[in-house]
Amino acid sequence: MALDHYYLLGRSGLRVSRLALGTMNFGTGGFHAAYGKTEDEARSIFRRYVDAGGNFIDTADFYTAGESETILGRLIEEAGIRDRMVLTTKFTNSVDPGDPNAGGNGRKAMIRAVEASLRRLRTDYVDLFLLHTWDRITPVEEVLRTFDDLTTAGKIRYAGLSDVPAWYAARAQTLADAHGLAPMVNLQLPYSLVERTIETEHVPAGQTLGLGITAWSPLGSGFLTGKYRNTDQGVAGAGRLTGDGAPVRTWTDQHWELLKTVETVADKLGVTMAQVALNWVATQPCIASAIVGASSPEQLDSSLGALEFELPAELRSALDEASAVPPESVYRMFTPEYQGWLVNPGAKVTDKPAGYRPPVVNWN
């Protein structure tokens, strides 16, 4: 089980593993304490990931009230592998309730956040610094200029965005290009067989503008592992979807039918349902890396095994069909059916013929 194949992140020269290690559960404090891990428990997970060749670590100043960064800083220093790691952290969520400038995406908050993260992570730079969530009010120009200043100062190597509208990502990248500012290289978003809405605009934006997408919650908060059941009283099963603080969402008949398809595919391939779901995400267009968390080294091993097989075309098609999100509103007008009916009736029009952009030289 090795992560020995690396890909460029978006329109950059940064090489990252196809599976990133999510560390939201490193630590036992704050918002994520219910499923947090002690430093010793986190160490065994971290070491297993590193030993497998993984180099892409994801955290945030908000995770376990800063403990995630603190633990990671010690573990990376202890292992002596700072330069080998692609270390990602994020800012936006408040670290001091009541202080209006302790959260959000303004320049003051960004600089305060990166300085605090650097101290906790025991490093003088982070490889990738992400806006964690769109705050709706900070001018995008201010965010871009601060990203550029932090890059110039050597505090960060690359900039990116997480959980923002597609139009915001497009505006940010376009303004960065137009004004010669540090470009965004990453767009971090929720994506799984039960959450495919980013395909409508975010994925095409990433493909067009050079934003490598990293997918968080590729297992749908554990729903796609098959450990939950649909009962008259609602979702049953032990895990994040049934305990206190479980995410509020509706599981439809389509979702439960999808689980049957995932189980069928897993049985045919002799793998787990979680591995099927993770493989599907990691091999989708524009996905640079899938972020996986783990409660133990053994669970991480299972996730790493998701890259050891290929989904046959017919089984991928079955998963695509079972999880499809029908286009709504104006997006119905962009389908081949609509365009063939009104935009180009009687003519077959596509972008380029098949094979228009084959590699000039096969270097493999």
Side-chain angles (χ1 to χ4, degrees), residues 1-9 12-30 32-33 35-91 113-130 154-158 160 185-186 188 212 214 216 278 282 288-308:
M1 301 177 186
L3 293 172
D4 55 1
H5 196 161
Y6 308 90
Y7 290 91
L8 297 182
L9 182 61
S12 79
L14 188 63
R15 284 83 160 160
V16 298
S17 303
R18 294 178 68 192
L19 295 182
L21 179 63
T23 62
M24 189 169 65
N25 64 338
F26 281 21
T28 57
H32 308 96
Y35 46 89
K37 298 298 172 184
T38 66
E39 183 167 334
D40 284 341
E41 291 171 321
R43 178 180 289 104
S44 62
I45 296 167
F46 173 80
R47 288 304 316 177
R48 187 66 60 89
Y49 178 75
V50 171
D51 290 344
N55 77 336
F56 199 11
I57 307 287
D58 181 81
T59 187
D61 58 0
F62 179 65
Y63 292 165
T64 55
E67 280 189 57
S68 174
E69 289 185 328
T70 299
I71 290 173
L72 267 178
R74 283 198 288 259
L75 295 179
I76 292 172
E77 184 178 69
E78 177 184 287
I81 53 172
R82 174 62 191 95
D83 287 340
R84 187 181 182 283
M85 293 292 99
V86 175
L87 187 54
T88 304
T89 194
K90 304 184 284 291
F91 71 93
V114 76
E115 295 289 357
S117 289
L118 292 176
R119 287 193 296 271
R120 285 189 292 266
L121 290 165
R122 302 188 180 200
T123 183
D124 56 4
Y125 72 97
V126 291
D127 298 284
L128 181 60
F129 194 46
L130 301 183
K155 303 285 186 180
I156 68 174
R157 297 293 189 258
Y158 296 92
V185 303
N186 179 219
Q188 188 177 120
T214 48
W216 63 263
L278 186 53
S289 188
I291 302 171
V292 295
S295 59
S296 68
E298 292 73 27
Q299 187 181 59
L300 179 59
D301 279 341
S302 180
S303 293
L304 298 179
L307 298 182
E308 295 185 344

Is any side-chain heavy atom of [X] less than 4.5 Å from a side-chain heavy atom of [Y]?
X: T70; Y: T64; result: no
X: H5; Y: L307; result: no
X: T59; Y: F26; result: no
X: L300; Y: Y49; result: yes
X: I57; Y: T23; result: yes
X: N186; Y: L14; result: no
X: V50; Y: M85; result: yes
X: R157; Y: V126; result: no

Those residues that, when tested against R43, pass side chain to side chain contact (heavy atoms under 4.5 Å, CB included) (two or more places apart):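 Applying side chain to side chain contact (heavy atoms under 4.5 Å, CB included) to R43 gives E39, D40, R47, L75, E78.
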Qualifying residues under salt bridge (Lys or Arg N to Asp or Glu O under 4.0 Å), relative to D61, sequence neighbours excluded: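 D61: no salt bridge (Lys or Arg N to Asp or Glu O under 4.0 Å) contacts found.
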Write down the atom of [X], the atom of [Y], and the distance for their closest heavy-atom approach.
X: I45; Y: L21; result: CG2-CD1, 4.1 Å
X: L9; Y: G212; result: CD1-O, 4.1 Å
X: T89; Y: A60; result: OG1-CA, 3.4 Å
X: R15; Y: L8; result: CD-CD2, 3.9 Å
X: S289; Y: S17; result: OG-O, 2.8 Å
X: L3; Y: G54; result: CD1-CA, 3.6 Å

Those residues that, when tested against Y158, pass ring-ring contact (aromatic ring centres under 6.0 Å, His included) (two or more places apart):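 None.
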Contacts of type ring-ring contact (aromatic ring centres under 6.0 Å, His included), residue F46, not counting sequence neighbours: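 Result, ring-ring contact (aromatic ring centres under 6.0 Å, His included) vs F46: none returned.
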Side-chain (D124) to main-chain (L118) donor-acceptor, under 3.5 angstrom: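 Checked: no pair found.
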Under 3.5 Å donor-acceptor, D127 side chain and L87 backbone: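 Looks like yes, one N/O pair under 3.5 Å.
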Qualifying ring pair (Phe, Tyr, Trp, His ring centres under 6.0 Å) pairs, either residue in residues 68-87, two or more places apart: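 Checked against ring pair (Phe, Tyr, Trp, His ring centres under 6.0 Å) - neighbours excluded - no pair reaches residues 68-87.
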Check against side-chain contact (heavy atoms from CB on, under 4.5 Å), I76 and R122: CA-CA 9 Å; I76 292 172; R122 302 188 180 200; over 6 Å; no
SB check E69 R119 (cutoff 4.0 Å):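 Salt bridge: no.
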Gap between atom CG of N25 and atom OH of Y63 - 0.5 Å precision: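 Output value for this atom pair is 10.5 Å.
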CA sep, side-chain torsions, deciding dist, call: T38, E41, side chain to side chain donor-acceptor pair (under 3.5 Å): CA-CA 5 Å; T38 66; E41 291 171 321; 3.3 Å; yes
Side chain to side chain donor-acceptor pair (under 3.5 Å) involving T123 - partner list, sequence neighbours excluded: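 Result, side chain to side chain donor-acceptor pair (under 3.5 Å) vs T123: R82.
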Stepwise side-chain contact (heavy atoms from CB on, under 4.5 Å) test for T28 and K37: CA-CA 6 Å; T28 57; K37 298 298 172 184; over 6 Å; no
Worked verdict on L128 versus V185 for side-chain contact (heavy atoms from CB on, under 4.5 Å): CA-CA 9 Å; L128 181 60; V185 303; 3.9 Å; yes
W216 vs D58, side-chain contact (heavy atoms from CB on, under 4.5 Å): CA-CA, chis, key distance, verdict: CA-CA 10 Å; W216 63 263; D58 181 81; over 6 Å; no
